[in-house]
Amino acid sequence: MINLKNVSLIALSIAIASGQLYAQAPAGNQELQKKAAEWVNELKLSDESKKQKVQAAITQHLTEIRDWHNTHPVKDNPGGINPATGNTLSNLDWEVIYCSQKPKTVHENLMNTLNAELAPGQVEAVLDQYTIGKVAFTLKGYEAIVPDLTDKERTEILKNLKQAREQAIDYKSMKEISAIFEIYKTKCEQYLNSNGRNWKQLFKDYVSKRNAEKAAQNKK
């Protein structure tokens with residue numbers, strides 16, 4: 001009589017020896033691998049080795065960001081105030097605080113690989129994927145609100161937004177990413193104010209202009 005248990009063990013051994021058996025990645029990991037592959041494909045790299053290194057680094061980074069975020073949930077707001085403003089800390093504030101405590105190596109490992117394997121423009125393209133193009137979108141907003149933006153002002157604003165982008169890639173949710181950008185948008189507006197602009201008035205004028213344009217459009 002054939003021992004089915006032995007048959008199963010033999011089949012398993014053959015599968016392992018032939019490389020037919022491999023561990024399936026969890027569904028969540030597969031989604032991150034797919035995202036990393038899509039981002040890297042956008043770069044159209046001809047060097048397969050370079051492509052694999054970059055894709056692996058992005059996948060690892062996305063995985064570590066997700067895992068840290070998911071193991072540090074804000075179930076109950078611990079309370080407290082922001083010492084800089086006196087405002088009560090919100091759940092989002094605490095999410096950003098918890099996620100900012102992850103090891104620096106999570107960020108450094110990704111950036112070291114990107115900078116070693118890619119040209120500067122390609123690195124920026126990857127960071128834009130993480131932050132859904134917020135640098136260009138936000139800069140366009142400043143150019144609309146301040147029509148006579150000088151080259152010097154644009155350079156300073158762009159520098160701040162790029163700093164926001166690189167910092168924001170270490171956060172999982174778009175709410176957190178947007179919160180990081182808000183920090184640097186405040187810096188941009190403070191810079192404009194310190195250089196003879198009145199940000200509040202500029203923004204007010206822009207809103208009034210947009211409302212007038214919408215009203216005129218609705219009358220047609």
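Counting from 1, the numbers follow the sequence of the chain as shown. Values reported hereafter were calculated over all heavy atoms of this structure, with side chains retained and with hydrogens, waters and symmetry mates removed. Note that the structure is a prediction, hence the values are computed from the model and not measured.
- Under the 3.5 Å distance criterion, with hydrogens and angles disregarded, a donor-acceptor pair is assigned to the side chains of E166 and H107.
- Side chain of Q122 to main chain of A119: a donor-acceptor pair is present (N/O by atom type, distance under 3.5 Å, no hydrogens or angles).
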Next item on the list: Decide yes or no on side-chain contact (heavy atoms from CB on, under 4.5 Å) for K172 and N70, but give the supporting numbers first.
Entry: CA-CA 9 Å; K172 180 176 180 287; N70 291 349; 3.9 Å; yes
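- By the side chain to side chain donor-acceptor pair (under 3.5 Å) test, W94 pairs with N77, sequence neighbours left out.
- For the residue pair H69 / E176, a side-chain donor-acceptor distance below 3.5 Å is found, with atom types taken as modelled.
- Under the rule for a side-chain contact (heavy atoms from CB on, under 4.5 Å), the partners of Q129 that lie at least two apart in sequence or sit in another chain are W39, E42.
- Donor-acceptor pairing under 3.5 Å is recorded for the side chains of D93 and S90.
- Considering only residues two or more places apart in sequence or on other chains, K102 meets the side-chain contact (heavy atoms from CB on, under 4.5 Å) condition with I65, W68, C99, V106, D170.
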Would you list the atom pairs, donor with acceptor, under 3.5 Å between side chains in residues 130-139 and any protein atom, with sequence neighbours excluded?
from : atom 1 : to   : atom 2 : distance (Å)
Y130 : OH     : H61  : ND1    : 2.8
T131 : OG1    : L127 : O      : 3.0
T138 : OG1    : K134 : O      : 2.6

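- The side chain to side chain donor-acceptor pair (under 3.5 Å) check on T150 picks up E153, with sequence neighbours excluded.
- With rounding to the nearest 0.5 angstrom, the CG atom of N195 is 7.5 Å from the CG atom of L192.
- Contact between Q55 and A36 at its shortest, heavy atoms only, is O-CB, 3.8 Å.
- Looking at Q60 and E64, their side chains do bring a donor and an acceptor atom within 3.5 Å of each other.
- Considering only heavy atoms from C-beta on, K200 comes within 4.5 Å of N198 through its side chain.
- For Q52, the side chain to side chain donor-acceptor pair (under 3.5 Å) criterion is met by E48, not counting sequence neighbours.
- Closest approach of A164 to I180, counting heavy atoms only: O-CG2, 3.7 Å.
- For the residue pair N41/K51, the side-chain donor-acceptor check at 3.5 Å is satisfied.
- For the 3.5 Å distance criterion, the side chains of Q33 and N29 fail to qualify, holding no donor opposite an acceptor.
- If you look at Y142 and W199, their ring centroids are closer than 6.0 Å.
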